[in-house]
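A short worksheet on the structure shown next.
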Amino acid sequence: MVSRACLRCGKVLGKNVGGRRKYCSDNCRKRAADQRRRHPGGEKPVSSAHASSSAPVSGCDYADLLRISLTALKRAVEDDGTPANAVAPLTKQLLAVGKEITDLENRPVDPLEEGVSVSGAADEPFDPETL
């Protein structure tokens, strides 16, 4: 069973705490409300489904998009406001994106895929007698 933590201080909530409870005490709940009132446009945790980056997406290749995703996932995992039950799936996705970047960087280069021209190379006419 996944243990939950207080959204403000991170203290682990008890086993008998209701499913809707987000804070360990009234004090933490009130301080969080005060903080929300003082900073109404405060940053919210970045979810993996809506991860965004300030980097422009247009003109990026696949490896660049993977790196942007990796940065957003790292930020979400390290954010104190990320719910405890979201850390494991985010970490799993972070590892998958990191592995995909590594595989992409270590793959052999196919000259035809990279757009290298093969000028001077001509196909020979097919001769069924050679088979």
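Bear in mind the structure is a predicted one, so any value in this text is a computation, not a measurement. Because only heavy atoms are used, hydrogens play no part in the values below, and waters and symmetry mates are left out as well, while side chains stay in.
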Between [X] and [Y], which heavy-atom pair has the shortest distance, and what is it?
{"X": "Leu73", "Y": "Gln93", "result": "CD1-CG, 3.7 Å"}
{"X": "Cys6", "Y": "Cys24", "result": "SG-N, 3.4 Å"}
{"X": "Tyr23", "Y": "Arg36", "result": "OH-NH1, 3.1 Å"}

### Query
What residue among Arg29, Lys22, Lys30 forms salt bridge (Lys or Arg N to Asp or Glu O under 4.0 Å) with Asp26?
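Going through Arg29, Lys22, Lys30 one by one, the salt bridge (Lys or Arg N to Asp or Glu O under 4.0 Å) with Asp26 is satisfied by Arg29 alone.
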
Would you give the length of the straight line joining atom [atom1] of [X] to atom [atom2] of [Y], rounded to the nearest 0.5 angstrom?
{"X": "Leu66", "Y": "Glu105", "atom1": "CG", "atom2": "CD", "answer": "9.5 Å"}
{"X": "Lys99", "Y": "Leu95", "atom1": "NZ", "atom2": "CG", "answer": "11.0 Å"}
{"X": "Lys11", "Y": "Ser25", "atom1": "NZ", "atom2": "OG", "answer": "7.0 Å"}

Could you tell me if the side chain of [Y] sits less than 4.5 Å from the side chain of [X], heavy atoms only?
{"X": "Asn85", "Y": "Arg4", "result": "no"}
{"X": "Arg75", "Y": "Thr71", "result": "yes"}
{"X": "Ile101", "Y": "Leu104", "result": "no"}
{"X": "Thr82", "Y": "Val77", "result": "no"}

#### Entry: CG (Asp34) with more than 12 external heavy atoms under 6.0 Å
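Counting neighbours around CG of Asp34, more than 12 heavy atoms of other residues, nucleotides or ligands fall under 6.0 Å, so yes.
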
### Query
Where do Asp61 and Asp64 land on the side chain to side chain contact (heavy atoms under 4.5 Å, CB included) test, with the steps shown first?
CA-CA 5 Å; Asp61 64 348; Asp64 291 335; 2.8 Å; yes

